[in-house]
Asks: 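I'd like to ask some things about the structure below.
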Amino acid sequence: MTMPASRVERVGVFCGARPGARPQHLRLATEFGEALAQRGTGLVYGAGGVGIMGAVADAVLDAGAPVTGVIPRQLYEREQPDESRTEVIVVETMHERKALMYRLAVGFAVLPGGLGTLDELLEVATWNQLGIHHKPLVLVNQGGFFDPLLTLLDNMVSDGFISQEERFVIQVASGVEEALDCLVSPAPRPERSTIPPAASRTPAAPTAAT
């Protein structure tokens, strides 16, 4: 297996290979991908070219940032990776897929998805809990999609199965920029000139004649 040559930092995104029942999920995916690229950060994801996964990857690529997809051989046909614009790494098992994504990413964002998305979310959280890695993890809870999950996590705290500190390994953001602030540095801002406008500059005093 060859590793990516690019040195650009990448954020791992866990999300659905289906588009979901509401258009807002695809809009969120596109918004997240665009904002991620604007911060000069690439994407590592499950390589799917469909659903939420495909929308995130397309937005990152269209904005000019690199994308690395990791996919098990058995899902290659089903999830239709786009190898024309994306670096695709084919592995043998789901375990290899997740382990490589965890290694390549500097942090993880979770968008709407199904069972696979929950599996990846909870495994990354568990790895943080056990000290296997220490990488930021954030739910993008725009529109309240993850509210039932957050209630469950809070119940785990109140019933003594996880500590308050362990609960907050899973950060929560209500929007894209807030989520990215948890994962990468702020977007670069254009530099302002330190020279004041001509109208506001004080003319230099005339030189005395000799």
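Keep in mind the model is a prediction, meaning the values are calculated, not measured.
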Asks: Does any donor atom in the side chain of E34 or T30 lie under 3.5 Å from an acceptor atom in the other side chain?
Replies: no
Asks: Side-chain contact test, heavy atoms from C-beta onward, threshold under 4.5 Å: evaluate it for V110 versus L137 and give yes or no.
Replies: yes
Asks: Take T68 and R10 through the test side chain to side chain donor-acceptor pair (under 3.5 Å) and record every step on the way to the result.
Replies: CA-CA 8 Å; T68 298; R10 285 163 167 75; 2.8 Å; yes
Asks: Report the C-alpha separation of M94 and L75 in whole Å, then their side-chain angles, then the decisive distance to 0.1 Å, and conclude whether the side chain to side chain contact (heavy atoms under 4.5 Å, CB included) test is met.
Replies: CA-CA 9 Å; M94 288 291 288; L75 295 182; 3.8 Å; yes
Asks: Taking atom CG of L139 and atom SG of C182, what is their separation to the nearest 0.5 Å?
Replies: 10.5 Å
Asks: Are side-chain heavy atoms of Q171 and P136 found at a separation under 4.5 Å?
Replies: yes
Asks: Report yes if the side chains of L118 and L149 come closer than 4.5 Å at any heavy-atom pair, otherwise no.
Replies: yes
Asks: Any idea which heavy atoms bring A47 and I71 closest together, and the distance?
Replies: CB-CB, 3.7 Å
Asks: Knowing that exactly one of E123, H133, R97 qualifies, which makes a side-chain hydrogen bond (donor to acceptor under 3.5 Å, both in side chains) with Y102?
Replies: E123
Asks: Quick check on the hydrophobic clustering: are M101 and I132 connected, directly or via other members, by side-chain heavy-atom contacts under 4.5 Å?
Replies: yes
Asks: Atom CG in L26, atom CD in E31: separation rounded to 0.5 Å?
Replies: 13.0 Å
Asks: For residues 140-165, which residue pairs pass the ring-ring contact (aromatic ring centres under 6.0 Å, His included) check, not counting sequence neighbours?
Replies: H25-F145
Asks: Any side-chain heavy atom of V11 within less than 4.5 Å of one from L36?
Replies: yes
Asks: For the residue pair N141 and D147, establish whether any side-chain heavy-atom pair is separated by less than 4.5 Å.
Replies: yes
Asks: If the threshold is 4.0 Å, N to carboxylate O, is there a salt bridge linking R39 and E177?
Replies: yes
Asks: Any chain of hydrophobic side-chain contacts (each under 4.5 Å) joining V138 to V169?
Replies: no
Asks: Check whether K135 reaches the backbone of F108 with its side chain - one donor and one acceptor, N or O, closer than 3.5 Å.
Replies: no
Asks: Over all heavy atoms of both residues, which pair between V67 and A57 is shortest? Give the atoms and the distance, please.
Replies: CG2-O, 4.0 Å
Asks: Any donor-acceptor pair under 3.5 Å linking the side chain of T41 with the backbone of A37?
Replies: no
Asks: Looking at every non-hydrogen atom in both residues, tell me the closest pair between A29 and A55 and how far apart they are.
Replies: CB-CB, 3.8 Å
Asks: Report the distance from atom CG of L111 to atom OH of Y45, rounding to the nearest 0.5 Å.
Replies: 13.0 Å
Asks: Under 4.5 Å between any side-chain heavy atoms of V50 and R18, yes or no?
Replies: no
Asks: So V56 and L43, side chain to side chain contact (heavy atoms under 4.5 Å, CB included) or not? Walk me through it.
Replies: CA-CA 9 Å; V56 172; L43 167 71; 3.8 Å; yes
Asks: side-chain contact (heavy atoms from CB on, under 4.5 Å) with D154: which residues, sequence neighbours excluded?
Replies: R167
Asks: Please check if L104 and F14 belong to a single hydrophobic cluster, counting links between Ile, Leu, Val, Met, Phe, Trp and Tyr side chain heavy atoms closer than 4.5 Å.
Replies: yes
Asks: Test side chain to side chain contact (heavy atoms under 4.5 Å, CB included) on F32 and V13; report intermediate values, then the result.
Replies: CA-CA 10 Å; F32 187 90; V13 174; 3.6 Å; yes
Asks: Over all heavy atoms of both residues, which pair between A109 and L183 is shortest? Give the atoms and the distance, please.
Replies: CB-CD1, 3.8 Å
Asks: Please determine whether a side-chain nitrogen of the Lys or Arg among E120 and K98 lies less than 4.0 Å from a carboxylate oxygen of the Asp or Glu.
Replies: no
Asks: What heavy-atom pair brings G175 and Q142 nearest, and what distance separates the two atoms?
Replies: CA-OE1, 3.8 Å
Asks: Are M156 and L150 joined in one hydrophobic group, where the rule is that I, L, V, M, F, W and Y side chains link up if heavy atoms are under 4.5 Å apart?
Replies: yes
Asks: Do P66 and V8 have side chains that approach each other closer than 4.5 Å (heavy atoms only, starting at C-beta)?
Replies: yes
Asks: Working to the nearest 0.5 angstrom, can you tell me the gap between I170 CD1 and L122 CG?
Replies: 6.0 Å
Asks: Report the distance from atom CD of Q129 to atom OG1 of T126, rounding to the nearest 0.5 Å.
Replies: 6.0 Å
Asks: So, taking the atom named OG1 in T86 and the one named CG in L61, what distance separates them when rounded to the nearest 0.5 Å?
Replies: 4.5 Å
Asks: Report the C-alpha distance between E166 and V157 in whole Å, list the side-chain angles of each, state the deciding distance to 0.1 Å, and finish with yes or no for side chain to side chain contact (heavy atoms under 4.5 Å, CB included).
Replies: CA-CA 9 Å; E166 290 165 338; V157 174; over 6 Å; no
Asks: Could you check if a side-chain atom of T117 sits within less than 4.5 angstrom of a side-chain atom of L121, using non-hydrogen atoms only?
Replies: no
Asks: For atom CG of L115, is the number of surrounding heavy atoms from other residues, nucleotides or ligands below 6.0 Å larger than 12?
Replies: no
